[in-house]
Amino acid sequence: QVQLVESGGGLVQAGGSLRLSCAASGSIFSINSMGWYRQAPGKQRELVATITSGGSSNYADSVKGRFTISRDNAKDTVYLQMNSLKPEDTAVYYCTAGLVATSSLPYMRDYWGQGTQVTVSS
């Protein structure tokens, strides 16, 4: 079984920083892209950032210049460094990975973490 486990959420004041981590574990054959989405109360889940296995990244306009996504392929872990946080960044942040599990070779599917709460106070 494959799991994605996030950590690093919490409460921070506006202008502060947080670093989220997400580790994939289980019987994994390969991981393609990894990324972060978020969902604020009453809103749809939205893309925050993604990163390919080669390190190419993509960001939502709302976080460009403030958030940085990175990954450690040896640890099957993706990170999200969030700086200059704003109250509108408050949301549950979800990790996602497109990966091939050994039990389902050769098919790739998207896996999701359980989410971690980020709250930015004004």
Side-chain angles (χ1 to χ4, degrees):
Q1 292 182 345
V2 173
Q3 283 188 317
L4 299 182
V5 179
E6 300 112 331
S7 61
L11 173 64
V12 65
Q13 289 188 333
S17 298
L18 283 174
R19 189 191 193 210
L20 305 183
S21 300
C22 172
S25 63
S27 299
I28 298 170
F29 179 77
S30 65
I31 302 178
N32 187 9
S33 64
M34 302 184 80
W36 295 92
Y37 283 70
R38 67 186 181 187
Q39 187 166 19
K43 294 188 176 181
Q44 290 188 331
R45 191 173 296 190
E46 63 176 5
L47 170 72
V48 177
T50 60
I51 186 167
T52 67
S53 56
S56 296
S57 58
N58 179 55
Y59 296 92
D61 288 342
S62 59
V63 306
K64 282 180 181 177
R66 299 188 299 121
F67 291 9
T68 302
I69 190 170
S70 61
R71 64 189 281 176
D72 185 334
N73 290 333
K75 296 181 179 179
D76 291 339
T77 299
V78 63
Y79 306 95
L80 186 68
Q81 177 66 43
M82 303 185 294
N83 299 328
S84 302
L85 281 160
K86 305 175 181 179
E88 51 263 44
D89 295 318
T90 296
V92 177
Y93 283 70
Y94 295 92
C95 169
T96 184
L99 63 86
V100 179
T102 55
S103 61
S104 59
L105 277 164
Y107 303 106
M108 180 176 294
R109 55 158 284 197
D110 291 332
Y111 288 80
W112 292 84
Q114 80 287 354
T116 186
Q117 177 70 46
V118 172
T119 302
V120 184
S121 63
S122 56

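When a residue number appears, it is its place in the shown sequence, counting from 1.
Two different hydrophobic clusters hold F67 and L47 under the rule that ILVMFWY side chains link at heavy-atom gaps under 4.5 Å. Hydrophobic clustering places L80 together with V12 (ILVMFWY residues linked when any side-chain heavy atoms are closer than 4.5 Å, directly or through intermediates). At a threshold of 4.5 Å between side-chain heavy atoms, the hydrophobic network of Ile, Leu, Val, Met, Phe, Trp and Tyr places Y94 and M82 in two separate groups. Put simply, V100 and L4 are part of two different groups of oily side chains (I, L, V, M, F, W, Y) that touch within less than 4.5 Å, one to the next.
Looking only at side-chain heavy atoms (C-beta outward), P87 and S122 come within less than 4.5 Å of each other. Looking at heavy atoms from C-beta onward, K75 lies out of side-chain contact with S21 at the 4.5 angstrom threshold.
Side chain of Q114 to main chain of V5: no donor-acceptor pair is present (N/O by atom type, distance under 3.5 Å, no hydrogens or angles). Looking only at distances, no side-chain donor or acceptor of E6 sits under 3.5 Å from a matching main-chain atom of C22. Formation of a donor-acceptor pair under 3.5 Å by the D89 side chain with backbone atoms of V118 is not found in this model.
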Going through the checks in order, is the side chain to side chain contact (heavy atoms under 4.5 Å, CB included) test met by Q117 and T90? CA-CA 8 Å; Q117 177 70 46; T90 296; 4.0 Å; yes
Run M108 and N32 through side chain to side chain contact (heavy atoms under 4.5 Å, CB included) and show every step you take. CA-CA 9 Å; M108 180 176 294; N32 187 9; 3.5 Å; yes
Can you check side chain to side chain contact (heavy atoms under 4.5 Å, CB included) on I31 and R71, steps first, answer last? CA-CA 11 Å; I31 302 178; R71 64 189 281 176; 3.6 Å; yes
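Separating the OG atom in S56 from the CD1 atom in I69 is a distance of 11.5 Å, to the nearest 0.5 Å. S27 contributes atom OG, which lies 10.5 Å from atom CG of L105 (distance to the nearest 0.5 angstrom). How far CD of Q3 is from CD1 of I28: 10.0 Å, rounded to the nearest 0.5 Å. To the nearest 0.5 Å, atom OG of residue S70 and atom CE of residue M34 are 10.5 Å apart. Once rounded to the nearest 0.5 Å, the distance linking OG1 of T50 with CG of N58 reads 4.5 Å.
Salt bridge K64/D61: present, at least one basic N to carboxylate O contact under 4.0 Å.
Partner of W112 under the ring pair (Phe, Tyr, Trp, His ring centres under 6.0 Å) criterion, out of W36, Y93, Y37: Y37 alone. Among T68, D72, L20, I51, the single residue meeting the side-chain contact (heavy atoms from CB on, under 4.5 Å) criterion with Y79 is D72.
Residue pairs meeting the disulfide (SG to SG under 2.5 Å) criterion with at least one partner in residues 46-80, sequence neighbours excluded, are absent.
More than 12 heavy atoms of other residues, nucleotides or ligands lie within 6.0 Å of CD in Q39, so this atom counts as buried by the packing criterion.
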